[in-house]
There are 2 protein chains.
Amino acid sequence: MELIRIYQCFCDRTRLRILNLLQHGPLCVCHLQRILGEPQVKISKHLAYLRGHQLVESERCANWMVYHLPEEPSELLKRNLACLQDSMREESVFQRDLDRLKEVLDELGADCPACVREHHQHQNSCRS
Amino acid sequence: MELIRIYQCFCDRTRLRILNLLQHGPLCVCHLQRILGEPQVKISKHLAYLRGHQLVESERCANWMVYHLPEEPSELLKRNLACLQDSMREESVFQRDLDRLKEVLDELGADCPACVREHHQHQNSCRS
DNA sequence: TTGCAACATTCCTCTTTCGGAATATACCGG
DNA sequence: CCGGTATATTCCGAAAGAGGAATGTTGCAA
């Protein structure tokens, strides 16, 4: 049942933090690692879990692996990701991660895949 | 984190079926047992799990234990139960359980707590 | 090539979850 | 108090989840 696959992904704190960040655009593992401040193996295994449950997709980009939410999510997934995003607003940890996202993007600068950089530059130019 | 407690409850098929039924009003264990067609110990343990995670509350009513969704759910829980209800519409198993709910209510008739009976009688009179 | 950086996977351990069989508990009617 | 009905708990084994240490893999750059 797809519903259960979705909720299985939602019941770990680290995975929720990852999904929160990916709602704002694609990221590579090194970004996630720095933003979350967790060991590489932990991030990598949770990403594998999410991929196995079809909650994220990934592409290799030169030296990096870029993870993002599914390009064509089902209605079910869309609805539940939207509800999740609302729900996450109430916990400060998720807001702190988003603040940290901006810092880390600046910090790493050009040292990440073009697709990631471009997405977030575009986001910034829209916002400012 | 309350969010995780909620999703932990959502990632088992039997628990989803129970929550689906309880969205329509309080029920006792014997109702759930007959509707779901699962052994008593299984129902009882999932109810204990849900209670431990504060997704349901229970009261003894003479010989029966009546379970229902929290009287004063948090905004978080309300939002997620609403999303769950939308999501469950797409799986036929949940609709079948609701059909079976009516059958079992008739079948058991007066052989259940007054509070359960009254709730569902009221529902019926409203519908018809 | 070689070396390095970014990730993934394997192995191990601890904990949680899930299901069933058996047993216990609570309440009712007589 | 007793028997019966409704429900809970305990004990067991199998499986999944989560984290870390160590090791493998992949791709680029010199």
Side-chain angles (χ1 to χ4, degrees), chain A residues 1 4-18 26-53 55-68 104 107-117, chain B residues 1 4-18 26-53 55-68 104 107-117:
Chain A
M1 185 149 40
I4 293 182
R5 249 190 298 127
I6 295 174
Y7 294 132
Q8 284 174 331
C9 292
F10 287 6
C11 48
D12 177 88
R13 181 186 152 96
T14 304
R15 286 197 290 267
L16 288 185
R17 293 176 73 195
I18 291 174
L27 288 174
C28 50
V29 182
C30 59
H31 284 119
L32 291 168
Q33 203 177 327
R34 293 184 196 219
I35 296 168
L36 302 184
E38 299 279 3
Q40 182 257 323
V41 57
K42 185 165 172 181
I43 304 290
S44 202
K45 285 209 286 193
H46 281 300
L47 287 169
Y49 186 101
L50 290 169
R51 184 155 30 85
H53 287 68
L55 265 271
V56 304
E57 295 167 352
S58 63
E59 297 145 17
R60 178 171 288 279
C61 225
N63 228 314
W64 297 277
M65 287 294 291
V66 179
Y67 284 84
H68 51 83
V104 169
E107 198 180 309
L108 286 178
D111 195 18
C112 76
C115 54
V116 173
R117 215 160 53 233
Chain B
M1 185 148 42
I4 293 182
R5 250 190 297 125
I6 294 174
Y7 294 133
Q8 284 174 331
C9 292
F10 286 7
C11 49
D12 178 89
R13 180 186 152 97
T14 305
R15 287 196 290 268
L16 288 185
R17 292 176 73 195
I18 292 174
L27 288 173
C28 51
V29 182
C30 58
H31 284 118
L32 292 169
Q33 203 177 325
R34 294 186 195 217
I35 296 167
L36 302 185
E38 299 280 1
Q40 181 257 326
V41 56
K42 186 165 169 179
I43 305 290
S44 201
K45 285 208 287 194
H46 281 299
L47 287 168
Y49 186 100
L50 289 169
R51 182 154 29 85
H53 287 68
L55 266 271
V56 305
E57 294 166 352
S58 63
E59 296 144 19
R60 178 170 285 279
C61 225
N63 227 314
W64 297 276
M65 287 294 291
V66 178
Y67 284 83
H68 50 82
V104 168
E107 197 180 309
L108 286 178
D111 194 19
C112 76
C115 55
V116 172
R117 216 160 51 234

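Below, chain A is the first sequence line, B the second, and so on; all start at residue 1. Predicted, not measured: the structure shown is a model, and the values here were computed from it.
In this entry the distance linking NZ of A/Lys45 with C1' of C/dT9 reads 9 Å, nearest Å. In this structure, A/Arg60 atom CZ and D/dT25 atom P are separated by 13 Å, rounded to whole Å. C/dC18 atom P lies 10 Å from atom CD1 of A/Ile4, rounded to whole Å. For A/Tyr49 and D/dG17, the OH to C1' distance is 7 Å, given to the nearest whole Å. Residue B/Asn63 contributes atom CG, which lies 10 Å from atom P of D/dT5 at whole-angstrom precision. Going from atom NZ of A/Lys42 over to atom C1' of C/dA8 covers 17 Å, rounded to whole Å. Counting to the nearest Å, the P atom of D/dA18 and the NE2 atom of A/His53 are 9 Å from each other. Atom OH in B/Tyr7 sits roughly 18 Å away from atom P in C/dT17 (whole-Å rounding).
Comparing A/Val41 and B/Arg34 by the nucleotide of DNA chain D whose heavy atom lies nearest to each, the residue mapping closer to the 5' end is B/Arg34. When each of B/His31 and A/Gln8 is assigned the nucleotide of DNA chain D bearing its nearest heavy atom, the one mapping closer to the 5' terminus is B/His31.
Residue A/Tyr67 places at least one side-chain N or O closer than 4.0 Å to OP1 or OP2 of C/dA8. The phosphate of C/dT17 has neither OP1 nor OP2 within less than 4.0 Å of any side-chain N or O from B/His46. Dashed line: the shortest gap from a side-chain N or O of B/Arg13 to OP1 or OP2 of C/dC18 is not under 4.0 Å. Phosphate contact (OP1/OP2 of D/dA8, side-chain N/O of B/Ser44, threshold under 4.0 Å): present. Phosphate contact (OP1/OP2 of D/dG17, side-chain N/O of A/Arg15, threshold under 4.0 Å): absent.
Checked by distance alone, A/Gln40 brings no side-chain donor or acceptor within 3.5 Å of a matching partner on the base of C/dA6.
Here the side chains of B/Glu38 and B/His46 are not in contact, with every heavy-atom distance at 4.5 Å or above. In this structure, the side chains of A/Val116 and A/Leu27 come closer than 4.5 Å at one or more pairs of heavy atoms. The shortest side-chain heavy-atom distance between B/Leu47 and B/Ser58 does not fall under the 4.5 Å cut-off. A heavy-atom distance below 4.5 Å is not found between the side chains of B/Ile6 and A/Phe10.
Contacts of B/Val29 with the nucleic acid, taken as non-hydrogen atoms under 4.0 Å apart, involve only primed sugar atoms and P, OP1 or OP2.
Panel note: side chain B/Arg51, backbone B/Tyr67; no donor-acceptor pair is recorded below 3.5 Å.
Comparing D/dT7, D/dG17, D/dT5 against the side chain of B/Cys30 picks out D/dT7 as the nearest. Considering only side-chain atoms of B/Pro39, the nucleotide from C/dC7, D/dG19, C/dG20 that sits closest is C/dG20. Among the nucleotides D/dA6, D/dA8, D/dG19, the one closest to any side-chain atom of B/Arg51 is D/dA8.
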